[in-house]
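All values derive from a computational prediction rather than experimental measurement. Chain A is the first sequence line, chain B the second, and so forth, proteins listed ahead of strands; every chain is numbered from 1.
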Amino acid sequence: DSGVTQTPKHLITATGQRVTLRCSPRSGDLSVYWYQQSLDQGLQFLIQYYNGEERAKGNILERFSAQQFPDLHSELNLSSLELGDSALYFCASSVASINYGYTFGSGTRLTVV
Amino acid sequence: TQLLEQSPQFLSIQEGENLTVYCNSSSVFSSLQWYRQEPGEGPVLLVTVVTGGEVKKLKRLTFQFGDARKDSSLHITAAQPGDTGLYLCALPRDTGFQKLVFGTGTRLLVSP
């Protein structure tokens, strides 16, 4: 157990639908990062939150959004889903400096049918 | 264009063999991290290398940071099936905010 909890582990949904992925960071970590992993694109940075505030956006589609709550858990919302959104979605957390590395959750496997 | 290129992309070997995987960039790194990702799990940090020429050992794994800090290698001695997984190098990037940029990965399969 890495200390980063992601739910659900698997999600199957239809095109056009909306889903919410949840992440609880490791205790004491203020930063949460979301990554998308697909076979052809590898691990792609989506968005970062630090202590409730959005800090950076990467290759995140406008159909996707995220937030971090006062208790530091984070949610990634994916809407108007397309087949190409099928991927593994990882949440990671870190202490203030990323030079100490990330702690990843086990991921949510999203399948859009 | 990927900031970090890893090679080979795939490697299938027998238990007991040695192997080396590489991580290269056209840019100089301040530091580099190596992760291993097992099927169904998230990546797990193995090591961080910081100094050019640095060598770090983790049991049968040896990590080296190039002298010019533009490349790194991971050597596994006497590979075991438990070493199977996706090996990723990652570069901390600080462009107003900090994030990790991951390499393309090397997928290793060690057969008994």
Side-chain angles (χ1 to χ4, degrees), chain A residues 1-10 21 23-26 29-51 53-60 66 87-109, chain B residues 1-10 21 23-25 29-51 54 56 58 63 65 69 72 74 85-109:
Chain A
D1 182 6
S2 69
V4 177
T5 304
Q6 286 189 251
T7 57
K9 195 160 179 67
H10 301 279
L21 313 183
C23 168
S24 293
R26 194 177 56 167
D29 287 354
L30 300 179
S31 281
V32 169
Y33 306 81
W34 286 97
Y35 280 78
Q36 179 191 58
Q37 186 178 40
S38 58
L39 281 175
D40 58 342
Q41 292 291 320
L43 264 171
Q44 298 292 316
F45 171 71
L46 295 178
I47 198 165
Q48 180 208 1
Y49 280 83
Y50 177 81
N51 202 21
E53 293 186 6
E54 180 185 304
R55 278 294 177 90
K57 275 188 174 181
N59 302 322
I60 188 166
L88 276 165
Y89 290 85
F90 285 102
C91 166
S93 70
S94 72
V95 296
S97 170
I98 61 169
N99 291 318
Y100 294 101
Y102 287 175
T103 301
F104 280 86
S106 297
T108 294
R109 180 174 293 280
Chain B
T1 304
Q2 284 280 355
L3 184 61
L4 290 173
E5 295 285 347
Q6 291 188 244
S7 61
Q9 278 189 292
F10 302 99
V21 300
C23 175
N24 295 285
S25 174
F29 315 149
S30 58
S31 64
L32 189 83
Q33 299 173 11
W34 281 94
Y35 290 77
R36 177 171 64 211
Q37 183 179 11
E38 297 182 12
E41 297 297 327
V44 175
L45 178 66
L46 297 174
V47 77
T48 300
V49 286
V50 178
T51 306
E54 181 176 8
K56 281 192 173 179
L58 187 64
F63 303 85
F65 202 11
R69 306 207 326 269
S72 182
L74 159 58
L86 178 66
Y87 288 81
L88 295 157
C89 59
L91 178 65
R93 297 291 287 177
D94 191 346
T95 53
F97 65 94
Q98 291 186 324
K99 70 173 185 182
L100 283 178
V101 174
F102 286 85
T104 50
T106 292
R107 198 168 293 277
L108 172 66
L109 174 63

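When each of B:V101, B:L86, B:L88 is checked for a side chain to side chain contact (heavy atoms under 4.5 Å, CB included) with A:L43, only B:L88 meets the rule.
Residues that satisfy the side chain to side chain donor-acceptor pair (under 3.5 Å) test with A:S24, not counting sequence neighbours, are absent from this structure.
Among all heavy-atom pairs drawn from A:F90 and B:E41, the shortest one is CZ-O, 3.6 Å.
Not a single donor-acceptor pair under 3.5 Å links the side chain of B:Y35 to the backbone N or O of A:G101.
In this structure, chain B has no heavy atom under 4.5 Å from any part of A:Q6.
The 12-atom threshold is not exceeded at CZ of B:R107, counting heavy atoms of other residues, nucleotides or ligands nearer than 6.0 Å. No more than 12 heavy atoms of other residues, nucleotides or ligands sit less than 6.0 Å from atom CD of B:Q9.
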